[in-house]
2 protein chains.
Amino acid sequence: MKKQEEKEHSECMGILRPIRDALDVLNGKWKLPIIVALTFGEKRFGEISREVNGVTDRMLSKELRDLELNGLVKRRVENTYPVKVTYSLTPHSESLKTVIAALRDWGLLHRQELLKECSEKDSIVESAS
Amino acid sequence: MKKQEEKEHSECMGILRPIRDALDVLNGKWKLPIIVALTFGEKRFGEISREVNGVTDRMLSKELRDLELNGLVKRRVENTYPVKVTYSLTPHSESLKTVIAALRDWGLLHRQELLKECSEKDSIVESAS
DNA sequence: CGGTATCCGATAGGATACTG
DNA sequence: CAGTATCCTATCGGATACCG
């Protein structure tokens with residue numbers, strides 16, 4: 001039985017790892033907003049900064065580097081003066097769309113569910129009063 | 001044109017909110033492991049504690065409360081002595097399975113992609129040496 | 001058994017100033 | 001323009017002790 005439990009555990013880990021990978025790639029306050037901003041076409045640092053409302057240069061810089069390391073964003077530098085840097089989504093980032101759609105759909109469904117629960121609780125409170 | 005930009009922004013926010021909701025529900029180091037543990041059937045606090053490797057009582061308690069508030073986990077108390085508390089997944093949590101599957105699939109795909117990029121970089125380094 | 005209370009270090013992220 | 005450096009706060013999560 002010990003063997004069985006260990007097997008169950010390692011199976012869990014194997015299942016969990018790719019899910020964690022995916023969540024980690026999307027996690028953080030600004031990654032999604034940045035990705036969405038870039039879906040409208042390639043943009044320069046300053047443009048993204050203006051379109052993603054509230055992001056600081058520091059965070060934008062950091063998150064863009066993260067996304068680039070994950071192969072979702074391409075950084076291109078033009079050696080003009082001043083330097084012009086443009087960011088764009090990679091082909092690989094296309095594969096994210098299904099995931100994002102799944103998250104969005106569930107997010108909407110979930111909100112409905114919470115409202116439903118809420119109104120059920122309300123009616124219980126009402127009937128108790 | 002200002003109007004257009006504002007419209008674009010609010011549309012982004014509308015798209016982003018449910019995605020963030022979904023991500024927030026799954027976020028945290030222990031939520032997924034706990035959910036997976038409970039897919040094998042309803043379990044007691046101590047059982048989950050043992051099966052989810054490395055989690056502390058504090059975190060388990062907190063995350064279970066979070067999951068319950070989000071309507072994904074049901075907490076049932078039996079008034080025996082000592083008290084027996086069992087946790088189980090709700091019907092609503094079933095709807096998560098598609099999302100988790102999407103995340104897992106993409107996580108696996110993404111790992112392949114990173115390996116591919118890596119080997120491409122390697123061959124560039126090799127050809128440069 | 002099923003937690004809570006307290007403390008602590010690590011990390012995420014914001015504000016501001018500065019640079020090639 | 002496209003960032004970096006520095007500092008600061010808040011939240012996350014671990015360790016340990018305790019409780020009904």
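A note on names: the letters A, B, ... follow the listed sequences, proteins ahead of strands, and every chain is numbered from 1. Quick caveat, the model's predicted, so the values are computed rather than measured.
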Might you point out which heavy atoms bring B:Lys43 and B:Ile48 nearest each other, and give the distance in Å? CB-CG1, 3.8 Å

With a 4.5 Å heavy-atom cut-off, do B:Ile35 and B:Glu63 have their side chains touching? no

Within-4.5 Å side-chain heavy-atom neighbours: A:Leu23 and B:Leu32: yes

Measuring only between side-chain heavy atoms, which start at C-beta, is B:Gln112 closer than 4.5 Å to B:Leu115? yes

Span of DNA chain D in contact with chain B (heavy atoms, under 4.0 Å): D:dG13 to D:dA15

Least distance between heavy atoms, A:Thr86 atom then A:Arg44 atom: CG2-CG, 3.8 Å

Can you confirm whether B:Arg104 sits close enough to B:Leu108 that some side-chain heavy atom of one is under 4.5 Å from a side-chain heavy atom of the other? yes

Using 4.0 Å as the upper bound for N to carboxylate O, is an ion pair formed by B:Lys116 and B:Glu113? yes

Classify the ring geometry between A:Trp106 and B:His92 as parallel (under 30°), tilted (30 to 60°) or perpendicular (over 60°). parallel

Beyond-backbone contact of B:Arg111 with A:Arg17, side-chain heavy atoms, under 4.5 angstrom: yes

Classify B:Arg58 by what it touches in the nucleic acid, base, sugar-phosphate, or nothing, heavy-atom distance under 4.0 Å. base

Heavy atoms of A:Leu60 and A:Phe45 approach each other most closely as CD2-O, 3.7 Å

Which atom pair, heavy atoms only, marks the closest approach of A:Val85 to A:Tyr87? CG1-CE1, 3.8 Å

List for me each residue that meets side-chain contact (heavy atoms from CB on, under 4.5 Å) alongside B:Asn70, sequence neighbours excluded, and say none if there are none. A:His110, A:Leu114, B:Val25, B:Leu72

Members of residues 61-78 of chain A that approach DNA chain D, where some heavy atom sits under 4.0 Å away: A:Ser61, A:Arg65, A:Arg75

Can you confirm whether A:Ser93 sits close enough to A:Val73 that some side-chain heavy atom of one is under 4.5 Å from a side-chain heavy atom of the other? no

Of B:Lys84, B:Arg76, B:Lys74, the one forming a salt bridge (charged side-chain N to carboxylate O under 4.0 Å, His left out) with B:Glu42 is B:Arg76

Could you tell me, to 10°, how much the axis swings from one end of the helix from C:dC1-D:dG20 to C:dG20-D:dC1 to the other, five pairs per end? 40°

Would a 4.5 Å heavy-atom cut-off, applied to side chains only, mark A:Leu67 and A:Leu38 as touching? no

Of A:Thr56 and A:Pro82, the one whose closest DNA chain C nucleotide lies more 5': A:Thr56

Nucleotides bounding contact with chain A, strand DNA chain C, heavy-atom threshold 4.0 Å: C:dG13 to C:dA15

DNA chain C-proximal residues of residues 24-34 of chain A, any heavy atom under 4.0 Å: A:Gly28, A:Lys29, A:Trp30

